[in-house]
Amino acid sequence: MLDLKYIRQNSALVREGATKKHIACDIDRILELDAASREMGVEIDQLRQGQKQAGAKIAQASPEERAQLVADQQATKTELKAQEERQQQVTVELQELLLRVPMPPAEDVPDGKDDAQNAELRKWGKPRSFDFEARSHQDLGEMHGWIDVERGARLAGSRNYLLKGDIVLLESAVLRFALDQMVERGFTPVTVPTLVRTEAMRGTGYFPGGEDQAYRCDDRDDLWLVGTAEVPLTAMHAGEILDVADLPIKFVAQSSCYRREAGTYGKDTRGLYRVHQFQKVEQVIIDVADEQKSLEHHAAILNNAEALMQALDLPYRVVNVCGGDLGQGQVQKFDIETWMPSREGYGETHSASRFHDFQSRRLDLRYRGEDGKVAHCHTLNNTVAASTRMLIALLENHQNEDGSVNVPEPLRPYMGGRDLIGKAGS
RNA sequence: GGAGAGGUGGCAGAGCGGCUGAAUGCGCGACAUUGCUAAUGUCGUGACCUCGUAAGGGGUCCGGGGGUUCGAAUCCCCCCCUCUCCGCCA
């Protein structure tokens, strides 16, 4: 959510930002409603002032005077009520529109409509050229009985799966390695609820708009399954005024993630690339509202993920996501795309975003600065490791001709020292 | 799920229709005093909206939302949360 004052003073900029993001929003209507609401506010304040003063008089009046004074107040009461109702209507519409105004993107966000226009920033590692027929992760999975999509679907419908055997240990190893790496880098590990209130979804910017992509409990509870631990991590301090001495807050959490993937029928149907449930280690930073610090954190959380990929010897590239591919609240986003031989291309594995105060305004997440002033925080987040896509990359990039898979060195301590899985007869 | 108690400022905790944005204590800040620290004293110490160039003015907020009333932190209703007991349960 943007500050109404900011929109008032920078309407052109906000309009341009929306255009660059290819998101429609009615700034004119917002300004119109804002002006109307403030005008009514002044009148209402005056009415209330009168009412309060009259009230004080009534309290001290003699019984005979009192009846007359009370009668006089009836008119004020009625008028006030009518005015408040009118303002209420305006406010409701205004809030609804405000929730949909996008955060203007950073200047160096490339123009573009969709991910085809994302700009590659750099590449790391070389896609391996196989001197044998490389297998896809689903073929490897089937070969070793590691991935069971059929029974996954039987249990829970399409895009569900079971993992079985050594791949489970590999999954667990990569997640734990990711978590340990982040703790080493100063992040506090957190276990979070994966069912959250609508408020948390709205506060982090997923709603309104993303309802179709989230699983909802039935109407006995106002709860949604999160698509990422970003939601509980970012929202956990909602409504608080943090002490600047406690900032920056750096959290890392491993959680299950749930995505409905509505509207993706026929897309990435094979294998583990697009599934309804996976495990993810996620990093979140909450800090003061300072552009420079935000930029530094953004670089840092991106680096955290790159370091992990390098340690696992997985070739990747980093892209600067274009305006049309940015979410409503993101100022800027860098994706890491990892080489996946079966796709003969790079597939998204990480997404590092910074939001300025977009989320913190919705969440009412603030801090008291050195000067005693209260301001909304800046928030950022990035993937560290998403289980299924990491497994795709690990299996496909590190496979051998016989279908066995090399375990990258950093994961071996988490796998009882094993350096290979899927060796025939082992 | 059933029964009861309760949610007030950074924290603790009064208030239970008008004099209360809120006593008191702690914490925090400034100043004073004592050689430093400690201690003591005095003053100050919430957020938000709005009008105003400013000084300053007005308004809102006592878990959230409705209602009663000339007037609500205080009375009524709904929801959320916490605690105690019972039930169920990994």
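Every chain is numbered from 1 and lettered A, B, ... according to where its sequence line falls, protein lines coming before strand lines.
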ask   = Would you say B:G58 has OP1 or OP2 under 4.0 Å from some side-chain N or O of A:R48?
value = no
key: Nearest-nucleotide comparison on RNA chain B, the residue closer to the 5′ end among A:R38 and A:K81   = A:R38
inquiry  = Taking B:G21 as the reference, what is the distance to B:U45 when you measure between their P atoms (whole Å, please)?
reply    = 16 Å
task = Determine whether the side chains of A:R270 and A:S342 contain a donor N or O and an acceptor N or O closer than 3.5 Å.
result = no
key: B:G67 to B:A72 separation - C1' atoms, rounded to the nearest Å   = 11 Å
query = Over how many whole Å does the gap from A:E199 atom CD to B:G65 atom C1' extend?
reply = 13 Å
ask   = To the nearest angstrom, how far is A:Q95 atom CD from B:C49 atom C1'?
value = 12 Å
ask   = Using atom C1' of each nucleotide, how far apart are B:G63 and B:A73 to the nearest Å?
value = 12 Å
task = Name the pairing partner of B:C62, where a pair is Watson-Crick or G-U wobble with both distances under 3.5 Å, or state none.
result = none
request  = Look at the side-chain N and O atoms of A:R368 and state whether any lies under 4.0 Å from the OP1 or OP2 oxygen of B:C28.
outcome  = no
inquiry  = Is it the case that the side chains of A:S360 and A:D357 hold a donor-acceptor pair, with the cut-off being a distance below 3.5 Å and no angle test?
reply    = no
query = Whole-Å distance between B:G52 C1' and A:Q46 CD?
reply = 14 Å
request  = Say whether A:Y273 and A:H137, considering side chains only, have a donor N or O and an acceptor N or O under 3.5 Å apart.
outcome  = no
message = Can you check the distance between B:G41 and B:C49, where both ends of the measurement are the C1' atom (answer in whole Å)?
response = 39 Å
query = Which class fits the ring pair A:Y258 and A:Y215: parallel under 30°, tilted 30 to 60°, perpendicular over 60°?
reply = perpendicular
task = Give A:R361 one of three labels, base, sugar-phosphate or nothing, depending on what nucleic acid heavy atoms sit under 4.0 Å from its own.
result = nothing
query = How far does the P atom of B:U24 sit from the matching atom of B:C81, given to the nearest Å?
reply = 35 Å
request  = Assign A:K5 to base, sugar-phosphate, or nothing according to its heavy-atom contacts below 4.0 angstrom with the strands shown.
outcome  = sugar-phosphate
ask   = Side chains of A:Y161 and A:Q138: is there a donor and an acceptor less than 3.5 Å apart?
value = no
task = Examine B:C70: is either OP1 or OP2 under 4.0 Å from a nitrogen or oxygen in the side chain of A:Q74? Give yes or no.
result = yes
query = Which part of the nucleic acid, if any, lies within reach of A:Q60 when heavy atoms closer than 4.0 Å are counted: base, sugar-phosphate only, or nothing?
reply = nothing
ask   = Mind checking the C1' distance from B:U69 to B:U74? Whole angstroms is fine.
value = 13 Å
query = On a whole-Å scale, what distance lies between the P atoms belonging to B:U8 and B:G65?
reply = 16 Å
query = With distance as the sole criterion, is a donor-acceptor pair present between the side chains of A:Q68 and A:D72 under 3.5 Å?
reply = yes
note = Any strand, both distances under 3.5 Å, Watson-Crick or G-U wobble: B:U45 pairs with B:G27
Gap between atoms CG and P, on A:L363 and B:A47 respectively (whole Å) = 20 Å
query = Can you tell me if the side-chain N/O atoms of A:K52 get under 4.0 Å from OP1 or OP2 in B:U60?
reply = yes
ask   = Are A:Y206 and A:W224 an aromatic pair by the rule of ring centers under 6.0 Å?
value = no
ask   = In whole Å, what separates the P atom of B:C62 from that of B:C51?
value = 23 Å
inquiry  = In whole Å, I'd like the distance from the CG atom of A:D246 to the P atom of B:C28.
reply    = 15 Å
inquiry  = From C-beta outward on A:R366, which listed nucleotide comes closest to its side chain: B:G71, B:G18, B:C48?
reply    = B:C48
ask   = When the nearest nucleotide of RNA chain B is assigned to A:R197 and to A:L4 on a heavy-atom basis, which residue is associated with the more 5' position?
value = A:L4
task = Searching all strands shown, indicate the nucleotide that pairs with B:A54 (Watson-Crick or G-U wobble; both distances under 3.5 Å).
result = none
inquiry  = With no hydrogens and no angle check, just 3.5 Å: does a side-chain donor-acceptor pair link A:T383 and A:K280?
reply    = no
query = Can a side chain N or O of A:K77 be found less than 4.0 Å away from OP1 or OP2 on B:G71?
reply = yes
inquiry  = Taking donor-acceptor contacts at under 3.5 Å, does the side chain of A:D45 reach the base of B:G59?
reply    = no
key: B:G71 OP1/OP2 closer than 4.0 Å to side-chain N/O of A:Q51   = yes
query = When we call it a touch if two heavy atoms are under 4.0 Å apart, what does A:I58 touch: a base, just sugar-phosphate, or nothing?
reply = base
request  = Using whole Å, report how far CD of A:Q87 lies from P of B:U50.
outcome  = 11 Å
task = Return the value, rounded to whole Å, for the distance between atom CG of A:L80 and atom P of B:G71.
result = 9 Å
base_contact_polar (B:G18 base, A:R66 side chain, donor-acceptor, <3.5 Å) = yes
inquiry  = Under a 3.5 Å cut-off for both contacts, is B:G6 paired Watson-Crick or G-U wobble with anything, and if yes, with which nucleotide?
reply    = B:C81
